[in-house]
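One structure below.
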Amino acid sequence: MQDKNHRIINYLRLSVTDRCNLRCIYCMPEEGIRFMPHSEILTYEEMLHLVRLCVQRGIRKVRVTGGEPLVRKGFAGFLERLCRIEGLKEVALTTNGVLLKRYAGDIRKCGICRINVSLDSLRPERFFQITGRDCFQQVWEGIEEAERVGFDPIKINVVAMKGMNDDEILDFADLARKRPYHIRFIELMPVGQNGWNPETFISTDEIYRQLLSLGNLAPVHSHPYDGPAKRFKMDGSRGEIGLIGALSHHFCSACNRLRLTAEGNLRGCLFSDEETDLKTPLREGQGDEAILKLIEWTIRNKPKDHGLLTQGPRKCVREMHSIGG
Ligand code: SAM
Ligand code: SF4
């Protein structure tokens, strides 16, 4: 289905929990987080029902996210059922990788072959500094297990931060040279109370300039449901590099996404706090027609753009872990 700005909306990001086993500095504060009561979080059954309705209105790809999806009990079983929804062409997963070693095989068996693992540093002490947990080795073993069980591609999301991990950009590029991984540098976004400031921000243009020191970067064309990453391949590399300039490059005109939060609110834009409550009508038994109308309304009224460039860095009220990135 199209929104009123003629964009075809076919991609849903589904957050299955607001809980997480890491505390990344830009996403989830160490203290003072108010998690949703379990009764407010959609059951898997409810999520499957809402996804089926979204598929009726044109969603063809679902990316499961969180919080950390793998911490929710029964996740692999849910994923299996999600993958069987008729009309869905692709199911993908974003994880911090901490529990991936244990679950990679089960996830792969569901039929998922594309996985994104977030990893902001290749140095264990720095990983600890960024995430608040000493889990680098676990994540690394998770990535290797994902490769072993046949995930292809394995995308590694790196949130680039000046003065924090920008001295590792070339190390990550080197990883893409040696291993078949897609390293994707993501600009730090102002979300929740994450202390975003211009001093820690590094743009994808700046990253690109650093990468050019390694030689030629040949552009790679995107898959139709792919997000806004600009993709490149270095000569002789097994993997790829992606640049996601969420802030500096205005890609709202090509945005094809909706987001469903763990408590059942449908969002048209990461940076708009406008949400449509789908859980209440679902739990009140209002029927599919009523919910389909709400989905249609949210699609039609998807914000035209995030306004971050014209209005200056503005924060959306929710924390990233409760939206799903
Ligand atoms: N826990 C999972 C993970 O970390 O991969 C899934 C949820 S996380 C919210 C999804 C993605 O959003 C991660 O790649 C994370 O790095 C990214 N993210 C979180 N906060 C961000 C921020 N402020 N700016 C840019 N990316 C952010
Ligand atoms: Fe957890 Fe992912 Fe947020 Fe890090 S980015 S705190 S891993 S939800």
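Everything numeric in this text was worked out from a predicted model, so none of it was measured. Whatever order the structure lists them in is the order used to number ligands and atoms, beginning at 1.
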### Task
Give a yes or no on whether Ile8 atom CD1 has more than 12 heavy-atom contacts from other residues, nucleotides or ligands under 6.0 Å away.
no

### Message
Under the side chain to side chain donor-acceptor pair (under 3.5 Å) test against Lys101, which residue among Glu141, Glu144, Glu145 passes?
### Response
Glu141

### Query
Do Glu68 and ligand 1 have an N or O pair less than 3.5 Å apart?
yes

### Query
Do the numbers put Arg72 on top of the ring of Tyr44, so that NZ or CZ is under 6.0 Å from the six-membered ring centre and no more than 45° off the axis?
yes

### Query
Is ligand 2 less than 4.0 angstrom away from at least one heavy atom of Ser118?
no

### Query
So, the side chain of Glu187 versus the backbone of Thr204: is there a donor-acceptor pair under 3.5 Å, distance only?
yes

### Message
With a 3.5 Å distance limit and no angle check, can you tell me whether Asp18 reaches the backbone of Met36 through a side-chain donor-acceptor pair?
### Response
yes

### Task
Just jot down the ligand 2 atoms closer than 4.0 angstrom to any heavy atom of Met28, in number order.
6 (S)

### Task
Could you tell me whether Glu296 atom CD has more than 12 heavy atoms of other residues or ligands within 6.0 Å of it?
yes

### Query
For ligand 2, which atoms, with element, lie under 4.0 Å from some heavy atom of Gly67?
8 (S)

### Query
Does Cys27 bring an N, O or S atom to within less than 2.8 Å of atom 1 (Fe) of ligand 2?
no

#### Entry: Residue of the set Asn157, Thr131, Asn21 for which side chain to side chain donor-acceptor pair (under 3.5 Å) holds with Asn96
Asn21

### Task
Considering the heavy atoms of Cys20, write down every atom of ligand 2 situated less than 4.0 Å from one of them.
1 (Fe), 6 (S), 7 (S), 8 (S)

### Query
So which pairs with a foot in residues 197-220 pass ring pair (Phe, Tyr, Trp, His ring centres under 6.0 Å), sequence neighbours left out?
Trp196-Phe201, Tyr208-Phe232

### Message
Polar contacts were defined as any N/O atom of the residue lying under 3.5 Å from an N/O atom of the ligand; does this apply to Thr95 and ligand 1?
### Response
yes

### Query
Where the closest heavy atom to atom 1 (N) of ligand 1 is concerned, which of Gly66, Gly67, Pro190 has it?
Gly67

### Summary
Contact region, Val117 to ligand 1, non-hydrogen atoms below 4.0 Å, reads neither

### Query
Do you know which two heavy atoms are closest between Val98 and Gln138, and how far apart they sit?
CG1-NE2, 3.4 Å

### Query
For Val159, is at least one N or O under 3.5 Å away from an N or O on ligand 1?
no

### Query
Using a heavy-atom cut-off of under 4.0 Å, does the side chain or the backbone of Thr65 touch ligand 1, or both, or neither?
side chain

### Message
Does only the side chain of Cys24 get under 4.0 Å from ligand 2, or the backbone, or both, or neither? Count heavy atoms.
### Response
both

### Task
May I ask you to list the atoms of ligand 1 that are less than 4.0 angstrom from any heavy atom of Glu187?
24 (N), 25 (C)

### Message
When you compare ligand 1 with Arg13, is there at least one nitrogen or oxygen pair between them that comes in under 3.5 angstrom?
### Response
no

#### Entry: Enumerated ligand 2 atoms positioned under 4.0 Å from heavy atoms of Asn96
7 (S)

### Message
Using a 6.0 Å cut-off, check whether atom NZ of Lys230 has over 12 heavy atoms from anything other than its own residue.
### Response
no

### Query
Any N or O on Cys20 sitting closer than 3.5 Å to an N or O of ligand 1?
no

